[in-house]
Amino acid sequence: MTRVLIAGAVVLALVGATAASGQAAEDPVASRKAVMQSVAGAAGLSGAMLKGEMAYSPAAGKAAIATFNAAGVVFGDYFPEGSDTGDTSAAPKIWEDRAGFEAEVAKLAAAASAAMQASGREGPADLESFKAVVGPVLATCRSCHQGFRKR
Ligand code: HEC
């Protein structure tokens, strides 16, 4: 369990560091990928608990939810004009249909922020309450990737 908590803390630190460093302006592609990797880590942690591969703990649930929430706040900032080339799987549609993309970011932000509010300080008390709030967050991955990420 200690290892899981440390992993959660590292993920949070990563998102924070990315947001604070000004790296976004210099290398938005690397920044948004780092955010997605932290989100993938949180999704893996959530999935393992939901599948019962790992014992649920409110602190681990909270770490995952806080990571999703941070991503919802910053992710949309890392897609400036001209960042559609290079080592990226971001689809050109992001820049062609900005409003549609922003709507997908808003779905992530809304679901994660609702989960955050329902979590309280300690995190969701049990697996059932974790599942209820994290399910809508996890549904946004596929929804956004389908339209806005290259296969
Ligand atoms: C609002 C849209 C959006 C949502 C929501 C979203 N993603 Fe992504 N994701 C993207 C885009 C766009 C990329 C491509 C980024 C790039 O390569 O520049 C990406 C890339 C990724 C990557 C690859 C990162 C890399 O290093 O290349 C992973 C892993 C990932 N997403 C996981 C997730 C998971 C898990 C969730 C749900 C919890 C999620 N994403 C939710 C848009 C989204």
Side-chain angles (χ1 to χ4, degrees), residues 4-5 7-19 21-54 56-119 123-124 127-151:
V4 170
L5 294 181
V10 168
V11 162
L12 291 177
L14 239 179
V15 172
T18 306
S21 69
Q23 194 192 348
E26 289 159 33
D27 195 344
V29 175
S31 301
R32 70 200 187 210
K33 282 181 173 178
V35 172
M36 276 294 131
Q37 283 157 20
S38 70
V39 154
L45 172 62
S46 304
M49 293 192 293
L50 292 171
K51 283 185 242 158
E53 292 167 4
M54 225 181 90
Y56 176 73
S57 102
K62 178 82 188 254
I65 287 168
T67 301
F68 294 133
N69 188 50
V73 171
V74 301
F75 190 59
D77 296 344
Y78 298 137
F79 295 86
E81 289 296 331
S83 67
D84 54 337
T85 54
D87 188 15
T88 175
S89 63
K93 201 181 152 204
I94 291 172
W95 293 272
E96 293 155 15
D97 176 16
R98 194 71 195 200
F101 180 64
E102 296 293 347
E104 290 293 338
V105 176
K107 278 189 209 167
L108 168 65
S113 144
M116 201 59 186
Q117 274 165 35
S119 298
L127 189 60
E128 276 311 302
S129 36
F130 176 66
K131 191 176 177 179
V133 294
V134 90
V137 178
L138 294 174
T140 67
C141 316
R142 197 154 172 253
S143 160
C144 186
H145 287 176
Q146 268 179 347
F148 297 100
R149 189 178 170 206
K150 286 188 249 173
R151 310 266 113 192

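Just so you know, ligand 1 is whichever comes first in the structure, and atom 1 is the first atom listed for that ligand. Atoms considered below: every heavy atom in the structure, side chains included; atoms not considered: hydrogens, waters and symmetry mates.
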Quick one: does I94 get a heavy atom under 4.0 Å from ligand 1? yes
Under a 4.0 angstrom heavy-atom cut-off, which atoms of ligand 1 come close to V105? 1 (C)
List ligand 1 atoms under 4.0 Å from A40, heavy atoms only on the residue side. 29 (C), 35 (C)
Between A90 and R32 the two heavy atoms that sit nearest each other are CB-NH2, 3.6 Å
If we only count heavy atoms from C-beta on, is the I65 to P124 side-chain gap below 4.5 Å? yes
Sub-4.5 Å side-chain heavy-atom contact between E81 and W95: yes
List every atom of ligand 1 that sits less than 4.0 Å from any heavy atom of T88, numbering the atoms from 1 in the order shown and giving each element. 16 (C), 17 (O), 18 (O)
Within 4.0 Å of some non-hydrogen atom of Q37, the atoms of ligand 1 are 25 (C), 26 (O)
Is any N or O atom of T140, backbone or side chain, closer than 3.5 Å to an N or O atom of ligand 1? no
In H145, which N, O or S atom comes closest to atom 8 (Fe) of ligand 1? NE2
For T88 and T85, indicate whether the former's side chain and the latter's backbone hold a donor-acceptor pair under 3.5 Å. no
Quick one: nearest non-hydrogen protein atom to atom 38 (C) of ligand 1, plus distance? C141 SG, 2.7 Å
Any idea which atoms of ligand 1 are less than 4.0 Å away from a heavy-atom of A43? 35 (C)
re atom 6 (C) of ligand 1, the protein heavy-atom contact at minimum distance is M36 CE, 3.4 Å
What pair of heavy atoms forms the shortest contact from A71 to V35, and how long is it? CB-CG1, 3.6 Å
Min N/O separation E104 to ligand 1 under 3.5 Å: no
Decide yes or no for L108 and V39: does some side-chain heavy atom of the first lie under 4.5 Å from some side-chain heavy atom of the second? no
Kindly indicate whether the side chain of Y78, heavy atoms from C-beta on, has any atom under 4.5 Å from the side chain of K33. no
Determine whether E104 and Q146 make a side-chain contact, defined as any pair of heavy atoms from C-beta on separated by less than 4.5 Å. no
Starting from atom 14 (C) of ligand 1, what is the nearest protein heavy atom, named by residue and atom, and what distance separates them? S89 OG, 3.3 Å
What protein heavy atom lies closest to atom 3 (C) of ligand 1? Include the residue and the distance to one decimal. C144 SG, 2.7 Å
Whether Y78 lies under 4.0 Å from ligand 1, heavy atom: no
Relative to each other, are the rings of F130 and Y56 parallel, tilted or perpendicular (30° and 60° limits)? tilted
What residue and heavy atom of the protein are closest to atom 23 (C) of ligand 1, and at what distance? R149 NH2, 3.3 Å
If you measure every N or O of R32 against every N or O of ligand 1, does any of those distances drop under 3.5 Å? yes
pair L45-T67: side-chain heavy atoms closer than 4.5 Å: no
Flag the pair E96 and K93 as a salt bridge only when some basic side-chain nitrogen lies within less than 4.0 angstrom of an acidic carboxylate oxygen. no
Which ligand 1 atoms are under 4.0 Å away from a heavy-atom of F148? 12 (C)
Kindly determine whether M116 and F68 satisfy side chain to side chain contact (heavy atoms under 4.5 Å, CB included), including the steps that lead there. CA-CA 9 Å; M116 201 59 186; F68 294 133; over 6 Å; no
Which ligand 1 atoms are under 4.0 Å away from a heavy-atom of F68? 38 (C)
Atom 11 (C) of ligand 1: nearest protein contact (heavy atom, Å): F75 CZ, 4.0 Å
